[in-house]
Amino acid sequence: MGNERGTNEVTVEQRVEALREVLRHHEHLYYVMDAPEWTDAQYDARMNELRALEAEHPEMVTADSPTQRVGGKPKDGFAKVAHSRPMLSLDNAYNEGDLRAWSERVAGGLALGESVRYVCELKLDGLSLALQYEAGRGGEAVLRSGVTRGDGTVGEDVTTNVRTIRSVPLHVSAKALKAAGLPQRFEVRGEVVLPQKAFERMNAEREAAGLAAAANPRNAAAGTIRTLEPNVVAQRRLEFFAYFLLSAGGQGEPTVGEALLQEQSAALKGLRAAGFLVNPNAKTVDSIDGVMAFLAEADAQRDGLPYEIDGVVIKVDAVAQQRRLGFTGKAPRWAIAYKFPARAAVTRLEDVLFQVGRTGKVTPVAVLAAVSIGGTTVTRATLHNADEIARLGVRIGDFVSVERGGDVIPKITEVVEDAKHARGEREIVFPAVCPRCGEVLVREPGEVDLRCVNVSCPARVEEELRHFASRGVMNVEGLGEALIAQLLGHTLAEATAEGAAEGANDAVEEPTRTALVHSIADIYALTKAQLLTLERVGEKTADALLEQVERSKAAPLNRVLLGLGIRHVGERTAQALAEEFGSMDALMAATEEELTRVNDIGPKVAATVREFFANERNVALVERLRGFGLTFTAERRVRGTTLTGKTLVLTGTLPTLTREAAKERIEAAGGKVSGSVSKKTDYVVAGEEAGSKLEKAQQLGVAVLDEAGLLALLQG
Ligand code: IVH
């Protein structure tokens, strides 16, 4: 690369390339190898430098730059595209007999006595995707598209969302291609999954926002990949596991004739060498006995995996043999999916309890006759709300079908009614008063849920404490469910049996001893002597807990804000508030208008934050926390001021800046980007194919800029 001044100085191009390369390397270490070598700060520093250089030199931005994961929203939804070759499903096997019968069919399709090797892989419970890579200019491969399975022939182009998945390489270097034995153009198929943790976080956020929780990680992943908001997808932390490699072909038969590598085991290796995330739990075996041993291993591993699997996929290793075996109408003969036994069972609904959550929401919980599902005894299942009960038409005494997946709370899927299973008689009646504190329950207009509005209800305090102490919030290790219940005045037996309200919908629980804690702040006043009065708490436990409590005081302001459990304030919002206001005091003093000026905070969140700090009890709680020395300040994010107070709307495609880059720069200059044009809009930035927003701006007389105009404005 030329250097205009003829010195040894590094040119901007060289620096940009070097940054991209090193960022890609560390992303691979972090997201694929799970072996990071950099701290987040080290990574961020390079990423910010690259972003700044690209902002100064927009002509250097390339689609495969690490800065370009989150792009603009797809304008008209997802386009339908045909797959290069059909994405078939697999035939299923449910037991050893099915597998042996399959292996005999395989043997029958090959020459007499020919040996066969099988590759066993985990069957990841997500949704399949096809990724196409095309030739880049410097001998590398770049991601061109990501398409869902759809009906197997035509899928949806979800490239904008696939790009946000960190384990999907946007770029495979020429060197990596060579090591992997891959050409510049190829197709990779694999499974998108939402890891358990990300699933739980997503549901917690949905619940905080008053939305229905996703039933399982698979549905959550499917919903996420079809979301029209790439930045939401980016936050969800989907993962992509590659398991199938194809040549970049035209359309045609589902043939494997064009396989790039001659064994499935080699394809997995090649994909790994090219930088894809390939599930490490795969094994090549040479008999069905070997397959059976793998199944046992997979079953034992299942609950410890960070994502869900629903079986094992077994493939004939040699592509030459695959080719000879071919396909039936809908599935390859050379592969089969062994499905784990369903984690479902039929049992009797004995009763319904009503649990009070952190926000006072009352949730009906099914009490079931104990039943073993996939090795775990289940006695409880969620019934969600009154609508769900009505949908199921369930009564106490009914036999119900219960499903359990991964760590998800068991769920009742239907009422069983046949000659052997008589219907129950007792209607499920929601209580009129809170089962914990006796306060009259309230149903807000337009909501399905009943709520206990007593902010001091012990059930609510219990949930607040659980949330406050949990990982990712104040992280007070050792302050678990049983201990919290004891701190609130219950005995350990009551706490673990959650028995008190059982069978008595309207009975109010009485604590059996005095509570040591009435609000989250009280944990900072606990003494060792008090802790020692609790069951199963000795010297060591007490000391460890006190140390953890003390340590939590150093948790940053965003965690404290999250811990307060303000409705609609999740991890990201808490972070934004801390960075924007820099202190608890500034936040408490903020008006609704100032709050809405923070990016990503809408009127709904602003109102709940205001409401929270307008409540005396909450202010008292905050003041007590201050008294205990919790962290009440944070580093403010310094913003430019050239666009302070200005609202801009982006429309159409800008010549060099992506939508996201333009938004970032406007926000960095203190401005706000809105999605719709109104009289309050200061500028509309219009690119090519700008539509109704531009028209509206012209109607309302709002100033319209092109990209050059925006850049000039940003300069101040
Ligand atoms: S191979 C022609 N391998 O299971 C080969 N599929 O029941 C097609 N799946 O549609 C797929 N893990 O969505 C393959 N290691 C794995 C898999 C896997 C999960 C899914 C995939 C497929 C379905 C078939």
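Indexing begins at 1, ligand by ligand and atom by atom, following the structure's order.
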(message) Out of the candidates Trp102, Phe294, Trp334, only one should pair with Tyr118 under the ring pair (Phe, Tyr, Trp, His ring centres under 6.0 Å) rule; please name it.
(response) Trp102
(request) Measure up the Trp38 and His26 rings against each other and bin them: parallel (under 30°), tilted (30 to 60°), perpendicular (over 60°). (result) parallel
(request) Verify, without hydrogens or angle tests, whether Arg144 (side chain) and Arg185 (backbone) share a donor-acceptor contact under 3.5 angstrom. (result) no
(request) Check whether the side chains of Asp317 and Ser265 place a donor and an acceptor atom closer than 3.5 Å, and report yes or no. (result) yes
Under 3.5 Å: N or O atoms of ligand 1 paired with protein N or O:
{"from": "ligand 1", "atom 1": "3 (N)", "to": "Lys315", "atom 2": "NZ", "distance (Å)": "3.0"}
{"from": "ligand 1", "atom 1": "4 (O)", "to": "Lys123", "atom 2": "NZ", "distance (Å)": "2.8"}
{"from": "ligand 1", "atom 1": "6 (N)", "to": "Tyr243", "atom 2": "OH", "distance (Å)": "3.4"}
{"from": "ligand 1", "atom 1": "7 (O)", "to": "Lys123", "atom 2": "NZ", "distance (Å)": "3.1"}
{"from": "ligand 1", "atom 1": "12 (N)", "to": "Leu124", "atom 2": "N", "distance (Å)": "3.1"}
{"from": "ligand 1", "atom 1": "13 (O)", "to": "Ser128", "atom 2": "OG", "distance (Å)": "3.4"}
{"from": "ligand 1", "atom 1": "13 (O)", "to": "Glu191", "atom 2": "OE1", "distance (Å)": "2.7"}
{"from": "ligand 1", "atom 1": "13 (O)", "to": "Glu191", "atom 2": "OE2", "distance (Å)": "3.2"}
{"from": "ligand 1", "atom 1": "15 (N)", "to": "Glu121", "atom 2": "OE1", "distance (Å)": "2.8"}
{"from": "ligand 1", "atom 1": "15 (N)", "to": "Leu122", "atom 2": "O", "distance (Å)": "3.2"}

(message) Checking the side chain of Arg333 only, and the main-chain atoms of Leu325 only, is there a donor and an acceptor separated by less than 3.5 Å?
(response) yes
(request) Quickly, which of Phe244, Tyr133, Phe241 forms a ring pair (Phe, Tyr, Trp, His ring centres under 6.0 Å) with Phe276? Name it, please. (result) Tyr133
